[in-house]
2 protein chains.
Amino acid sequence: MDQVEIFKALSNKTRLQILGWLKEPATNFPDQPNADFENVGVCVGQIQLKAGLSQSTISEYLSILQRADLISSTRLGQWTYYKRNKEGLEKLSEIINTEL
Amino acid sequence: MDQVEIFKALSNKTRLQILGWLKEPATNFPDQPNADFENVGVCVGQIQLKAGLSQSTISEYLSILQRADLISSTRLGQWTYYKRNKEGLEKLSEIINTEL
DNA sequence: TTGGCATATCGGGAAAAGTCGATATATTTG
DNA sequence: CAAATATATCGACTTTTCCCGATATGCCAA
């Protein structure tokens, strides 16, 4: 994964917020029914609701974050759940600490 | 400083390279005459030479990095020297580790 | 198997970023 | 002070990003 793409993914207020929300899903998405935050994460609709942007925009933003390895997705039935990707964030931290 | 602006500053290959070069100035700018890397850093012309983009572009890039607190500048005579800003980078690391 | 949700993809218009050459400003030196 | 040099700023053009509505796709239930 290109480093520039990681930083581009983070260069947007809404995408940064989403990542922050997914760090504490139980706190930030108290209304998600049948939540299994640990294993699957939060579904697109809940994130969209909280972000207040269009469905297509949020779907796109989530895929940008996923391409940057910052989040990962699981499909369950008609829902796609996204969660924080610990490994990707650790790698980012590593880049900053060793290369910049 | 807005977090988004920090990540935007890093969302460009050349700017990322500059920051990397300034981490090891003695290695990356062996030709700078009268170099005082510790105290002042590297002058714009040397960075421009290495980056291979126009003078105006590099000047602008350096000011973007400075606005993001990732580097700092010192004017000495007709030269402006830029160096890595340790504190800003530590703060960035902190953001990633605690908020994302 | 059809209708209804949830999500993804597509196409586009507006805004921002990338990058340049030209010009302005500051500093040193003759 | 005038010329020379280093850097900053400006104006312009191209490319990318933002964000939307419309449409497509996938999945479930009746």
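In what follows, chains are A, B, ... by sequence order, proteins preceding strands, each numbered from 1.
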Would you indicate which nucleotide in C:dC20, C:dA8, C:dA6 comes nearest to any side-chain atom of B:L53?
C:dC20
Whole angstroms only, please: what is the CZ-C1' distance between B:F7 and C:dA17?
18 Å
Approximate separation, where rounding is to 0.5 Å, of A:I18 CD1 and B:L100 CG
12.0 Å
Check: A:S54 side chain, D:dG21 base, donor-acceptor under 3.5 Å
no
Comparing B:G77 and A:E60 on DNA chain C - which has the more 5′ nearest nucleotide
A:E60
Donor/acceptor link under 3.5 angstrom from A:Q55 side chain onto base of C:dA6:
no
Output the distance between atom CG (B:L22) and atom CG (B:N85), rounded to the nearest 0.5 Å.
11.0 Å
Expressed in angstrom and rounded to an integer, what is the separation of A:Q78 atom CD from D:dA29 atom P?
8 Å
Separation of C:dT7 C1' from A:Q46 CD (nearest whole Å):
14 Å
Of all the choices, D:dA8, C:dA8, C:dA16, which nucleotide is nearest to the side chain of B:S59 once you look at every atom?
D:dA8
Heavy atoms of A:R75 and A:Q78 approach each other most closely as NH2-O, 3.6 Å
Separation of C:dT7 atom P from A:L65 atom CG, nearest Å, is 16 Å
Using atom CD1 of A:I58 as one end and atom C1' of C:dT7 as the other, report the distance to the nearest whole Å.
13 Å
Testing C:dT27, D:dT17, D:dC18 for proximity to the side chain of B:R75, the answer is C:dT27
Of the listed nucleotides (D:dC28, D:dT17, D:dC19), which one gets closest to any side-chain atom of A:N12?
D:dC19
Distance check needed: D:dC18 P versus A:Q17 CD, whole Å only.
14 Å
Just the rounded figure in Å: distance from P of D:dA8 to CG of B:L62.
7 Å
Report yes if the side chains of A:V44 and A:W79 come closer than 4.5 Å at any heavy-atom pair, otherwise no.
no
Rounding to a whole Å, what distance do you find between B:Q66:CD and D:dT7:P?
14 Å
OP1 or OP2 of D:dA6 sitting under 4.0 Å from any side-chain N/O of B:Y82?
no
According to a strict under-4.0 Å criterion, is B:R15 in side-chain N/O contact with OP1 or OP2 of C:dG18?
yes
Given C:dC20, is OP1 or OP2 found less than 4.0 Å from the side-chain N or O atoms of B:T57?
yes
Check B:K86 with B:E90, please: is the shortest side-chain N to carboxylate O separation under 4.0 Å?
yes
Closest listed nucleotide, where the reference is the side chain of B:K8 and the choices are D:dT5, C:dA17, C:dA8:
C:dA17
Go nucleotide by nucleotide along DNA chain D from the 5' end; which of A:T14 and A:L76 gets its closest nucleotide reached first?
A:T14
So, does A:Y61 get its side chain near the phosphate of D:dC19, meaning an N or O under 4.0 Å from OP1 or OP2?
yes
Looking for any heavy atom pair under 4.0 Å, which part of the strands does A:S63 touch: base, sugar-phosphate only, or nothing?
nothing
Under 4.0 Å: is that the gap between some side-chain N or O of A:T80 and OP1 or OP2 of C:dA8?
yes
Atom OG1 in A:T80, atom CG in A:L62: separation rounded to 0.5 Å?
9.0 Å
Just compare C:dA22, D:dT16, D:dC27 and give me whichever is closest to any side-chain atom of B:S56.
C:dA22
